[in-house]
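No experiment lies behind these values; they were computed from the predicted model shown. The sequence lines fix the lettering, A, B, ..., with proteins before strands; numbering per chain opens at 1.
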2 protein chains.
Amino acid sequence: MQKWTGTTTPEMLRAGCREYGLRITPQRTAVYEEVCRSGTHPTAEELHAGVRRRFANISLDTVNRTLLTFARIGLIEIIEGYGGPRRYDPNRTLHHHLHCLRCGTVVDFYHEEYDTLAVPANLQHKFKVLSKKVILKGTCGRCQSIKKKHHDRK
Amino acid sequence: MQKWTGTTTPEMLRAGCREYGLRITPQRTAVYEEVCRSGTHPTAEELHAGVRRRFANISLDTVNRTLLTFARIGLIEIIEGYGGPRRYDPNRTLHHHLHCLRCGTVVDFYHEEYDTLAVPANLQHKFKVLSKKVILKGTCGRCQSIKKKHHDRK
DNA sequence: GTGATTGCAAACCTTTTGCACGCCA
DNA sequence: TGGCGTGCAAAAGGTTTGCAATCAC
């Protein structure tokens with residue numbers, strides 16, 4: 001399992017757009033570069049701020065629409081969350097998530113044993129599995145060091 | 001692993017409230033009964049509609065606050081989602097989730113092999129794991145029978 | 001050229017907050 | 001009785017939609 005290096009791959013954008021008959025616009029290119037560059041799981045607003053540094057006039061709506069489009073064609077993923085703003089993940093390699101229940105951060109991790117989990121036999125008729133992910137919920141290192149117990153959500 | 005029967009257990013509400021010094025109000029009782037009764041993962045609004053049938057004057061705000069309170073004390077859980085309204089889960093037994101990417105439904109399933117997954121050794125120092133869940137993403141039976149391909153989100 | 005895409009603005013939906021009243025412990 | 005919990009209303013936060021102008025193909 002190779003790790004995600006965060007490398008921007010313009011060919012992936014080209015290929016994805018071509019496959020679905022979408023146009024390659026400067027806005028889409030910029031959003032794609034930005035979401036790939038960030039090592040985390042940014043929100044639309046964070047990405048908008050980042051893209052704006054190089055593309056002053058891009059609107060938040062376009063960023064939102066672009067991200068949804070990318071997610072629809074499988075170029076990026078919307079990560080699972082508990083109610084805050086949507087977060088996006090450019091990491092298309094098989095990986096798993098750590099959810100910190102205190103600060104809301106979601107961190108990728110790799111574990112080969114989890115990659116090969118067999119789908120339960122009794123589900124195979126009823127549900128067509130396209131991807132799997134293990135979610136570990138708990139407390140991240142940073143939050144463990146903050147002893148003060150607070151139950152904030154993100 | 002016993003399955004969740006959806007049985008309302010007033011003692012659990014009493015115990016949870018007592019432990020955290022919370023009052024047992026008619027509203028809390030009603031919301032708790034309603035969320036336990038529903039076999040699915042209802043939204044605050046759905047629960048509000050349900051509770052209202054017996055408790056005409058309860059406000060949506062109270063339902064929202066009550067659900068957050070219950071989640072904070074571990075009486076229920078907020079399930080992972082991709083951006084729609086929050087959904088709540090009264091099922092406190094160890095189980096896993098099927099996410100239908102077409103219709104957005106989340107269905108519980110049980111699989112002992114998944115219950116005993118070992119936490120990766122290299123994580124144990126950095127992250128304190130409190131719970132684990134396997135998420136299978138794909139297409140549910142109902143959506144498979146609808147051949148029309150549509151990429152709606154929930 | 002022409003239809004997809006964008007930016008703007010408004011609408012929408014859900015959650016959160018402030019505050020006075022009421023009720024549970 | 002005191003303070004937590006509730007209802008109401010307003011605000012906040014984020015996403016979605018409609019539309020005219022623009023741009024990629």
Side-chain angles (χ1 to χ4, degrees), chain A residues 10 13-32 41-49 51-52 54-73 75 78-79 81-88 104 150-154, chain B residues 10 13-32 34 41-49 51-52 54-73 75-76 78-79 81-88 104 150-154:
Chain A
L13 176 62
R14 300 192 80 76
C17 286
R18 209 179 308 266
E19 188 181 345
Y20 288 86
L22 300 175
R23 293 183 181 167
I24 297 161
T25 64
Q27 288 91 335
R28 284 184 177 156
T29 305
V31 170
Y32 185 63
H41 301 121
T43 64
E45 197 137 10
E46 286 163 359
L47 290 167
H48 181 232
V51 172
R52 256 192 171 205
R54 286 169 301 145
F55 201 122
N57 263 34
I58 194 170
S59 74
L60 174 59
D61 316 63
T62 297
V63 174
N64 261 315
R65 274 189 283 223
T66 302
L67 290 167
L68 288 182
T69 302
F70 287 170
R72 226 174 43 225
I73 69 175
L75 209 54
I78 300 170
I79 66 166
Y82 303 95
R86 264 200 275 265
R87 296 187 165 273
Y88 298 89
H150 67 114
H151 287 280
D152 299 348
R153 278 159 301 93
K154 248 293 163 58
Chain B
L13 176 62
R14 300 193 80 76
C17 286
R18 208 179 309 266
E19 188 181 344
Y20 288 86
L22 300 174
R23 294 182 182 165
I24 297 161
T25 64
Q27 287 92 336
R28 285 184 176 155
T29 306
V31 170
Y32 185 64
E34 191 67 26
H41 301 122
T43 64
E45 197 136 13
E46 286 163 359
L47 289 167
H48 181 231
V51 173
R52 257 193 169 205
R54 286 169 301 145
F55 201 122
N57 264 33
I58 194 170
S59 74
L60 175 57
D61 317 64
T62 296
V63 175
N64 262 312
R65 276 188 278 222
T66 302
L67 290 167
L68 288 181
T69 302
F70 286 171
R72 226 175 42 226
I73 69 174
L75 209 54
I76 63 175
I78 300 170
I79 65 166
Y82 303 96
R86 265 200 275 265
R87 295 186 166 274
Y88 299 89
H150 67 114
H151 288 278
D152 299 348
R153 278 157 302 93
K154 245 297 161 55

Practice prompt. Check ring-ring contact (aromatic ring centres under 6.0 Å, His included) between Y88(A) and all other residues, then give those that pass, not counting sequence neighbours.
Written response: none
Worksheet item: Looking at residues at least two apart in the chain, or sitting in another chain, which of them share a ring-ring contact (aromatic ring centres under 6.0 Å, His included) with H48(B)?
Response: none
Practice prompt. Ignoring the backbone of L22(B), work out which of dT15(D), dG5(D), dT6(D) is nearest its side chain.
Written response: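 Looking only at side-chain atoms, L22(B) lies closest to dG5(D).
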Worksheet item: Nearest to the side chain of T66(B) - dT6(D), dT15(D), dT15(C)?
Response: dT6(D)
Acceptor/donor pairs from residues 56-65 of chain B side chains to any protein atom, 3.5 angstrom cut, sequence neighbours excluded:
unit_1, atom_1, unit_2, atom_2, d
S59(B), OG, T62(B), N, 3.2
S59(B), OG, T62(B), OG1, 3.1

Worksheet entry | Non-neighbouring partners of T43(A) that pass side chain to side chain contact (heavy atoms under 4.5 Å, CB included), sequence neighbours left out | E45(A), E46(A), P85(A), R87(A)
Item to complete: For R18(A), check side chain to side chain contact (heavy atoms under 4.5 Å, CB included) against everything at least two apart and list the hits.
Response: R14(A)
Write down the protein N/O and nucleotide N/O pairs, taken from nucleotides 10-14 of chain D, whose separation is under 3.5 Å; answer none if there are no such pairs.
none

Fill in: Between the first and last five pairs of the helix from dG1(C)-dC25(D) to dA25(C)-dT1(D), the angle of the axes, rounded to 10 degrees
50°
Provide a list of protein-nucleic acid N or O atom pairs under 3.5 angstrom, restricted to nucleotides 21-24 of chain C.
unit_1, atom_1, unit_2, atom_2, d
dC24(C), O2, R23(B), NH1, 3.3

Fill in: Which residue lies more 5' along DNA chain C, comparing R52(A) with G21(A) via nearest heavy atoms
G21(A)
Discussion item. Can you measure R65(A) atom CZ to dC8(C) atom P for me and round it to whole angstrom units?
Written reply: 11 Å
